[in-house]
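Before any comments, here is the structure.
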Amino acid sequence: MLLQRILTALILTPLAVAIILAPPTWLFALIVAAVFLGAQWEWACLAGLHGRGARALSLLLTLAIMVALWFTQATPWLWLAVILAGFAWWLVSLGWLRAYTFAASPSSEHTRLKLGVGLLVLVPAWVAAATLHGCPQGPWWTLLALCIVWSADIGAFFSGRAFGKRKLAPHISPGKTRAGAWGALAAGIIVAAIGGWLLGLRGAALAGLAILGAVTVGASIVGDLLESLMKRHAEIKDSGSLFPGHGGLLDRLDSVFAALPVFVLGKIVLGL
């Protein structure tokens, strides 16, 4: 399994970097929308929509919201409001992680609730990605945000294997450990500091970015746990089987969905 994960990562990472750095923002936003909609298809299944027709309608609704938002770029406060809504949702989700049995039973009401949550997970992350990519040095900032998440994942994996004894959230994801979380934070802070230095930040600005890196990693862990909770409710191991050793699109993007709104909002607040 580890070999599969490494080989898949070696293929996906150069592709992801090319998608971030090469295209203009409008094309980047289009590609990311397509990828996120693929993850939304898996989310709808986890939410309880098993019919292809119903899942297609859910996907079309998400697409319609994205298209409508794209044509409101001249109203930056609206995009900021969407990012804030995403940030607020991830704070609220902490309560759901504590009350992990909430909405666990299969019912139409719980399905509708989880579909609504899916919009709060996917749409703000897409708006945040497009916003970040369109700012000065945007592709490099976008790459840094994702590198923070990727490094946190790697740090969590290896520190968890080496030192992991105490579970982080045993009722939600038994494989995650507190040592893994600390390893993720350390890796994220280091990458944020190095990336900020390369982007020309110094002094207080660089320190602020390092702190933002830690907060972003914290958000990515919450995103990972929320998807694990959804999978536990649905009684499945992976959201899909697209990537050998990595699961589906949602399995690869759960941390990114939470990290992007937090990173972009923090960047705005810090004036970076």
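Note: hydrogens, waters and symmetry copies are ignored here, and every other heavy atom, side chains too, is used.
In this structure, CH2 on W43 lies 4.0 Å from CE on M230, to the nearest 0.5 angstrom. Rounding to the nearest 0.5 Å gives a distance of 7.0 Å between CG of L119 and CD of Q40. Between S220 atom OG and W90 atom CH2 the span is 10.0 Å, to the nearest 0.5 Å. Atom-to-atom distance recorded for L94:CG and W89:CH2 is 9.5 Å, nearest 0.5 angstrom. Note that CH2 of W140 is 9.5 Å distant from SG of C147, once rounded to the nearest 0.5 Å. Taking OG of S228 as the start and NE2 of H233 as the end, the distance is 11.0 Å to the nearest 0.5 Å.
Crowding of W96 atom CH2: a count of heavy atoms from other residues, nucleotides or ligands under 6.0 Å exceeding 12. Annotation for W70: atom CH2 counts as buried by contact number, over 12 foreign heavy atoms lying within 6.0 Å. Counting heavy atoms of neighbouring residues, nucleotides and ligands inside a 6.0 Å radius, atom CD of E235 does not exceed 12 of them.
Pairing each heavy atom of S159 with each of G155, the nearest pair is OG-O, 2.6 Å. Taking each heavy atom of L185 and G218 in turn, the nearest pair found is CD2-N, 4.4 Å. Contact detail for A39 and L253: the closest heavy-atom pair is CB-CD1, 4.1 Å. The two atoms that bring R232 and H171 nearest to each other are CD-O, 3.0 Å, heavy atoms only. Minimum heavy-atom separation, A44 to S58: CB-OG, 4.3 Å. Nearest heavy atoms, K114 versus A47: CB-CB, 3.6 Å.
Linking Ile, Leu, Val, Met, Phe, Trp and Tyr whenever their side-chain heavy atoms come within less than 4.5 Å leaves L272 and L198 in two separate clusters. Residues V67 and F28 share a hydrophobic cluster, clusters being chains of Ile/Leu/Val/Met/Phe/Trp/Tyr side chains in contact below 4.5 Å. L225 and I236 fall within the same hydrophobic cluster, where Ile, Leu, Val, Met, Phe, Trp and Tyr residues are linked whenever their side-chain heavy atoms come under 4.5 Å apart, directly or through other members. Cluster membership for I31 and I11, using ILVMFWY side-chain heavy atoms within less than 4.5 angstrom, is not shared. Tracing side-chain contacts under 4.5 Å through hydrophobic residues (I, L, V, M, F, W, Y), one reaches W26 starting from F36; they form part of the same cluster.
Put simply, the residue from D254, V121, I172, I221 that forms a side chain to side chain contact (heavy atoms under 4.5 Å, CB included) with L226 is V121. The only member of V215, V256, L209 that meets side chain to side chain contact (heavy atoms under 4.5 Å, CB included) when paired with F263 is L209. Under the salt bridge (charged side-chain N to carboxylate O under 4.0 Å, His left out) rule, D224 has a single partner from K176, K231, R252, which is K176.
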Inset, instruction - Start with the C-alpha gap between W141 and L144, add the side-chain angles, then the distance that decides, and say whether side chain to side chain contact (heavy atoms under 4.5 Å, CB included) holds. - result: CA-CA 5 Å; W141 277 105; L144 174 58; 4.1 Å; yes

Inset, instruction - Begin with the C-alpha distance, continue with both residues' side-chain angles, and end with the deciding distance and a verdict on side chain to side chain contact (heavy atoms under 4.5 Å, CB included) for L249 and W41. - result: CA-CA 9 Å; L249 276 170; W41 180 267; over 6 Å; no

Inset, instruction - List the steps and the verdict of side chain to side chain contact (heavy atoms under 4.5 Å, CB included) for L168 and T177. - result: CA-CA 5 Å; L168 180 64; T177 64; 5.7 Å; no

Inset, instruction - Apply side chain to side chain contact (heavy atoms under 4.5 Å, CB included) to F163 and W182, showing your working. - result: CA-CA 10 Å; F163 309 109; W182 285 113; over 6 Å; no

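Hydrophobic side-chain contacts under 4.5 Å tie L115 into a cluster, directly or through other members, with L49.
With a 4.5 Å cut-off on side-chain heavy atoms, L80 and V127 do not count as touching. Residues W126 and V82 are not in side-chain contact: their nearest non-hydrogen atoms beyond the backbone lie 4.5 Å or more apart. The closest side-chain heavy-atom distance from S151 to I190 is not below 4.5 Å. Counting only heavy atoms from C-beta outward, the side chains of V264 and F87 never approach each other to under 4.5 Å.
In the model, H133 has a side-chain atom that pairs as donor or acceptor with a side-chain atom of T25 under 3.5 Å. In summary, the side chains of T72 and W79 do present a donor paired with an acceptor at a separation below 3.5 Å, with no hydrogens or angles considered.
Salt bridge annotation for K237-D251: absent, with no cationic side-chain nitrogen under 4.0 angstrom from a carboxylate oxygen.
At distances below 3.5 Å, at least one donor-acceptor pair connects side-chain atoms of R202 with backbone N or O atoms of W197.
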